[in-house]
Every structure is written in structure tokens, then in C-alpha cells.
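Here, residue 1 is the first one in the sequence, and each next residue gets the next number. The figures that follow rest on heavy atoms only: side chains count, while hydrogens, waters and symmetry mates do not.
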Amino acid sequence: MRVGMGYDVHRLTENRKLILCGVEIPYEKGLLGHSDADVALHAIMDALLGAAALGDIGKHFPDTDPAYEGISSMRLLEQVGELLEKHNYLIENIDATIIAQRPKLLPYMPQMAKNVAQVLGLEENQVNIKATTEEGLGFTGSGEGISAHAVCLLSPMIDMTAVDVLGPGNCGGCRGRCGHE
């Protein structure tokens with residue numbers, strides 16, 4: 001098992017959309033960044049890349065590269081998922097916390113988790129998205145920005161698949177990734 005931790009922060013600014021885990025949230029401000037500035041997905045991607053010892057999102061998607069200007073972080077998350085698969089890792093779970101004084105995020109969290117799960121080919125119960133405030137303290141509490149923390153657990157895929165050992169359909173919940181029918 002491998003554990004990863006990610007953290008990101010973006011400043012709130014006018015004339016930008018607020019996008020968190022691929023959900024556009026109605027609000028008078030959005031997050032400033034080179035991509036869509038989806039702070040929650042950035043923390044999740046850093047956790048996943050860190051658990052696999054593959055660096056961070058700055059290494060893979062530098063903010064100096066015009067190819068990533070305005071890009072959807074959902075597309076970047078998809079690429080991170082493909083990279084993990086290429087390096088033979090399975091995602092066991094993701095847990096993320098978004099820290100924002102406003103807006104209230106509770107109504108959007110189920111869709112956020114669903115988006116992350118869908119892009120990574122996970123079950124929805126493998127992704128947890130939650131939110132909290134900082135009771136008016138710090139830059140998130142004053143409404144200057146939003147931050148996010150994420151942790152994940154990865155498991156390395158073994159060379160011999162469970163289907164080789166247990167037979168087709170008996171691999172124990174790989175969700176089709178072991179190659180069984």
C-alpha cells in the first residue's frame with residue numbers, strides 16, 4: 001500500500017468561474033490559475049502522484065506550458081489516472097477536504113465525488129469529498145482564497161493477476177481491471 005497527500009490553494013478573484021471537482025458552482029468569484037484552477041482536483045492529483053512517487057502536477061502540467069492554459073482539471077485528472085495505470089497502481093480510495101468560508105458546498109459534494117469516481121473508473125464509495133470553514137480565520141476564512149487537502153491509498157498491481165490465481169470472476173472486487181470477463 002502507498003499513501004499520498006496533496007495540498008493546493010488558489011486566490012479568489014472576480015471574472016472567473018468557481019469550479020471544484022468539475023462542478024461549476026454559482027458564486028460571485030472564481031479561482032485564479034493557469035488552468036481552471038480547480039483547487040480540489042489539484043490536491044487530489046498531487047496526492048495520487050505523490051503516493052506513486054511520480055512527482056506533482058507542476059512536473060506533469062507546468063503552468064508555463066500554454067497547452068494547459070484554461071484546461072479542465074478533469075482532463076488532467078484523467079491523465080493522472082492513466083499514468084497510475086501505466087505504472088501499475090490501483091486507487092483504493094481518495095479523501096479530500098475543501099476549505100472555504102463561502103460559498104456553502106454541501107449541495108455540490110455528491111456530484112463532485114461522482115465526477116472524480118467516474119473519471120478515474122472508481123466506485124463512488126471510494127471517493128469522499130467534504131468541506132469545512134476556518135471560522136473566519138486566515139486567508140480562506142477572510143474569503144481571499146480556497147484551499148484543499150487530499151489523501152489517497154494506492155495498491156500496486158501484482159504481475160500475476162487474481163484471475164490467474166482464483167479464476168475468472170473471483171478476483172475479489174477489481175472492478176474489471178484484472179482482465180477477467
Side-chain angles (χ1 to χ4, degrees), residues 1-10 19-23 33 35-63 65 67-68 71-99 105-106 108-132 146-181:
M1 292 186 292
R2 298 180 70 125
V3 176
M5 190 280 289
Y7 172 77
D8 197 33
V9 59
H10 284 273
I19 300 172
L20 297 169
C21 293
V23 176
S35 65
D36 62 4
D38 189 327
V39 69
L41 287 186
H42 294 182
I44 289 169
M45 288 186 281
D46 269 346
L48 293 168
L49 290 167
L54 294 171
D56 62 15
I57 60 173
K59 174 183 174 180
H60 295 277
F61 315 111
D63 63 6
D65 188 336
Y68 303 117
I71 195 168
S72 166
S73 293
M74 293 297 288
R75 290 195 49 206
L76 301 179
L77 180 64
E78 183 177 18
Q79 291 179 36
V80 168
E82 290 167 0
L83 186 62
L84 293 175
E85 190 172 314
K86 177 181 170 187
H87 284 84
N88 296 314
Y89 287 105
L90 292 174
I91 302 168
E92 296 292 341
N93 77 304
I94 297 168
D95 185 27
T97 304
I98 302 166
I99 303 151
L105 300 175
L106 184 63
Y108 308 101
M109 289 189 289
Q111 186 62 51
M112 291 179 192
K114 184 176 184 171
N115 288 352
V116 172
Q118 185 174 26
V119 164
L120 294 172
L122 303 173
E123 299 294 324
E124 287 182 42
N125 68 2
Q126 291 178 276
V127 178
N128 188 54
I129 307 293
K130 54 194 181 290
T132 191
I146 295 177
S147 66
H149 293 268
V151 294
C152 71
L153 178 65
L154 301 182
S155 292
M157 288 188 249
I158 56 175
D159 291 335
M160 183 187 307
T161 64
V163 73
D164 294 329
V165 176
L166 302 172
N170 295 311
C171 62
C174 74
R175 294 171 300 283
R177 293 185 207 145
C178 75
H180 76 266
E181 296 294 321

Taking only residues two or more places apart in sequence or in another chain, which ones pass ring pair (Phe, Tyr, Trp, His ring centres under 6.0 Å) with Tyr108? none
Distance-minimising heavy-atom pair for Ala40 and Ala148: CA-CB, 3.7 Å
Report the residues that fulfil side chain to side chain donor-acceptor pair (under 3.5 Å) with Thr97, sequence neighbours left out, ordered by chain and then residue number. Lys130
To the nearest 0.5 Å, tell me how far Met112 CE sits from Asn115 CG. 9.0 Å
Minimal non-hydrogen separation, Cys21 against Ile129, with atom names: SG-CD1, 3.9 Å
Value for CG (Leu84) from CE (Met157), rounded to nearest 0.5 Å, stands at 8.5 Å
Between Met74 and Val116, what is the shortest heavy-atom contact and its length? CE-N, 4.4 Å
Could you state the interatomic distance from OG (Ser73) to CD (Gln79), rounded to the nearest 0.5 Å? 11.0 Å
For a quick test of reading the model, state the closest non-hydrogen atom pair linking Tyr7 to Val9 and the distance between them. OH-CB, 3.9 Å
Where at least one partner belongs to residues 147-158, residue pairs that pass side-chain hydrogen bond (donor to acceptor under 3.5 Å, both in side chains), sequence neighbours excluded: Glu92-Ser155
For residues 46-61, tabulate all N or O donor-acceptor pairs below 3.5 Å that involve a side-chain atom, not counting sequence neighbours.
{"residue": "Asp46", "atom": "OD1", "partner": "Ile57", "partner atom": "N", "Å": "2.8"}
{"residue": "Asp56", "atom": "OD1", "partner": "Gly58", "partner atom": "N", "Å": "3.1"}
{"residue": "Asp56", "atom": "OD1", "partner": "Lys59", "partner atom": "N", "Å": "2.9"}
{"residue": "His60", "atom": "NE2", "partner": "Leu54", "partner atom": "O", "Å": "2.7"}

Hey, is the main chain of Ile91 close enough, under 3.5 Å, to the side chain of Gln126 for a donor-acceptor pair? yes
Just to verify, what does Arg2 make a side chain to side chain donor-acceptor pair (under 3.5 Å) with, not counting sequence neighbours? Tyr89
Are any of the side-chain heavy atoms of Leu120 and Ile94 separated by less than 4.5 Å? yes
Report the distance from atom OG of Ser35 to atom CG of Leu41, rounding to the nearest 0.5 Å. 9.0 Å
Value for CD1 (Ile98) from CG (Leu20), rounded to nearest 0.5 Å, stands at 5.0 Å
What's the spacing between Leu76 CG and Asp36 CG if we round to 0.5 Å? 7.5 Å
Using the side chain to side chain donor-acceptor pair (under 3.5 Å) criterion, which residues pair with Asp63? Sequence neighbours excluded. none
